[in-house]
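Contents: one structure, followed by commentary.
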Amino acid sequence: HGIAGRDITSGLRLNDYALVLQAAISGEGFAFGWEHVVRNLVDTGLLVGREDWAWRTGRGIFLVWSRTIPLISQANLVRDWIISVSDYPK
C-alpha cells in the first residue's frame, strides 16, 4: 500500500470507538466495525458498508457471566435479549 514506515504527524486521532463511529458518520473518514455494532447504522443509512472490505475472522464474541454468583434480574433480561437478537443457534 506504500505507507510502510511512514511517520504520520497530523490528522484526526481518536481513542474511543464511539467517537470513531461519530467521525465516520460526520464524513471525517472511515471506520472498521463489527457487524453487530454497525448494522443498525448501515440499515438506517448513517453509514455505508463496503462488502469488498469485509472479512470473517472465524472468531466469536462470547457472552459470559459468573458460574457461582447469580445474575440480578436486570442482567438476566439483558442477557436474554442479547441472545434473542444474536445469530446464536436456536
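When a residue number appears, it is its place in the shown sequence, counting from 1.
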field: With sequence neighbours excluded, residues passing side chain to side chain contact (heavy atoms under 4.5 Å, CB included) with R79
entry: L63, W65, L71, N76, I83
message: With rounding to the nearest 0.5 angstrom, report the CG to CG distance, L21 to L46.
response: 10.5 Å
- line: Closest heavy-atom pair, L41 versus I25, reported as atoms and distance to 0.1 Å, is CD2-CD1, 4.1 Å
field: Shared hydrophobic cluster for L77 and I72 (ILVMFWY, side-chain gaps under 4.5 Å)
entry: no
query: Are L19 and W34 grouped together when hydrophobic residues (ILVMFWY) are joined by side-chain heavy atoms under 4.5 angstrom apart?
result: yes
- prompt: With no hydrogens and no angle check, is any side-chain donor or acceptor of S26 less than 3.5 Å from a backbone partner on A23?
  reply: no
statement: Sorted by chain and number, sequence neighbours left out, side chain to side chain contact (heavy atoms under 4.5 Å, CB included) with V78 holds for I82
task: Could I get the full list of side chain to side chain contact (heavy atoms under 4.5 Å, CB included) partners for D43, not counting sequence neighbours?
output: R39
field: For F32, ring-ring contact (aromatic ring centres under 6.0 Å, His included) partners two or more places apart
entry: F30, W55
- request: Provide the closest heavy-atom pair for G33 versus V38 in the form atom of the first, atom of the second, distance.
  value: CA-CG1, 3.9 Å
field: Residues in side chain to side chain contact (heavy atoms under 4.5 Å, CB included) contact with S73, at least two apart in sequence or another chain
entry: none
